[in-house]
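Report on one structure; see the data block that follows.
Here is the naming used below: chain letters follow the sequence lines, and residue numbers restart at 1 for every chain. Here the structure is a predicted model, which is why all the values come from computation and not from measurement.
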2 protein chains.
Amino acid sequence: MTELEQIDQAITRELASDGRCSFTDLAERVGLSVSAVHQRVRRLEQRGVIRGYAARLDGESIGLPLTAFISLTPIDPAAPDDYPSRLQDIREIESCYSVAGEESYILLVRVASPAALEDLLRRVREAAKVSTRTTVVLSTPYEGRSPAI
Amino acid sequence: MTELEQIDQAITRELASDGRCSFTDLAERVGLSVSAVHQRVRRLEQRGVIRGYAARLDGESIGLPLTAFISLTPIDPAAPDDYPSRLQDIREIESCYSVAGEESYILLVRVASPAALEDLLRRVREAAKVSTRTTVVLSTPYEGRSPAI
DNA sequence: CATGAAATCAAATAAGC
DNA sequence: GCTTATTTGATTTCATG
């Protein structure tokens, strides 16, 4: 992990907020030739600085209007700590964080309905042998803003 | 909010996991002509189904190795509920969720160091007149996976 | 709404500095 | 590692079914 220099910072910042921006535009914005930018972006991808690109989708429109956080607490504290792999096939789970604090993991999930959430919780408990605490999201004032770099 | 038909679902699914995919590739993957796909993507963007595109960045590489959840509880329950706008200029906050449950809001933040987190917490408390509970992320097994559509 | 063709523009590679 | 030049391929518009 080596510090990003100015120009790479500028490129990642642009792509964080406008992931489909053309190399041509990018080159203008950061003040470099198109092929220089092209090389740098490829390098940032290879180094793993840029992990990929995603369209940000509206939950309502795609039929997944219900977002929730699910906190996991192991039932058996001596059980092996392999929760992420036990849960990775559950596609409603968009993110999985291992955390310090009262709980061991926090999941961010998106589902179609309360009934779907109920079913998801059952599957999570069964797959991971955990107890759960669920916090339903009422609204999302903002999400996925660009990092402060 | 009208149901997405099959082909638009396929397009959004592709772009969710590969946001920089060319229209040409997209057309092949969904089995339509390039210009038809082009029209549909523009339409999905205009309808707000696709809210934008983002590069997914590696926290370590961009100098923000510390991720945390901050839960907010209003100090004065009678105060106006304008926390998101009071906090929106704090760039370390990537997401802001209004939630049901013990707390009122959950923030997802990324910072450079424990000291930066301490400073951020001070600014959040001051700006929003809230008490905070912070859960530090130890690792992120996965994040931002494509929605289950 | 989809297609196919035409024109414009961008991406990708290579050569030279 | 940047630049310019070149080729290849993608984007975008438009006319048409």
Show your reasoning for whether side-chain hydrogen bond (donor to acceptor under 3.5 Å, both in side chains) applies to B/Tyr142 and A/Glu94.
CA-CA 8 Å; B/Tyr142 33 88; A/Glu94 294 196 3; over 6 Å; no

Nearest to the [X] side chain among [options], which nucleotide is it?
X       : options              : result
A/Ser22 : D/dG1, C/dA11, C/dC1 : C/dA11
A/Gln39 : C/dT3, D/dT3, C/dA11 : D/dT3
B/Ala36 : D/dT3, C/dC1, C/dT3  : C/dT3

C/dG4 base / B/Ser35 side chain donor-acceptor hit below 3.5 Å
yes

Compare side-chain N and O positions of B/His38 against OP1 and OP2 of D/dT12 and report whether any pair is under 4.0 Å apart.
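Yes, B/His38 has a side-chain N/O under 4.0 Å of OP1/OP2 on D/dT12.
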
Between A/Arg42 and C/dA11, is there a side-chain N or O to OP1/OP2 distance below 4.0 Å?
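Looking at the OP1 and OP2 atoms of C/dA11, neither is under 4.0 Å from any side-chain N or O of A/Arg42.
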
Which part of the nucleic acid, if any, lies within contact of B/Val34, taking any heavy atom under 4.0 Å across all strands shown: a base, the sugar-phosphate backbone alone, or nothing?
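It contacts base atoms.
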
Counting the atoms with a prime plus P, OP1 and OP2 as sugar-phosphate, which does A/Thr24 contact under 4.0 Å by heavy atoms, base, sugar-phosphate, or nothing?
sugar-phosphate

Sorted by position of nearest nucleotide on DNA chain D, 5' first, the leading residue of A/Arg20 and A/Leu32 is A/Leu32

Are B/Arg29 and B/Asp18 close enough that some pair of their side-chain heavy atoms sits under 4.5 Å apart?
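Sidechains of B/Asp18 and B/Arg29: in contact.
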
Compare every heavy atom of B/Val130 with every heavy atom of B/Pro74, then report the nearest pair and how far apart it is.
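Reported closest heavy-atom pair: CA-CG1, 4.0 Å.
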
To the nearest angstrom, how far is B/Phe23 atom CZ from C/dT3 atom C1'?
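Between C1' of C/dT3 and CZ of B/Phe23: 17 Å.
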
Could B/Arg122 and B/Glu118 be called an ion pair, given the rule that one side-chain N must be under 4.0 Å from one carboxylate O?
no

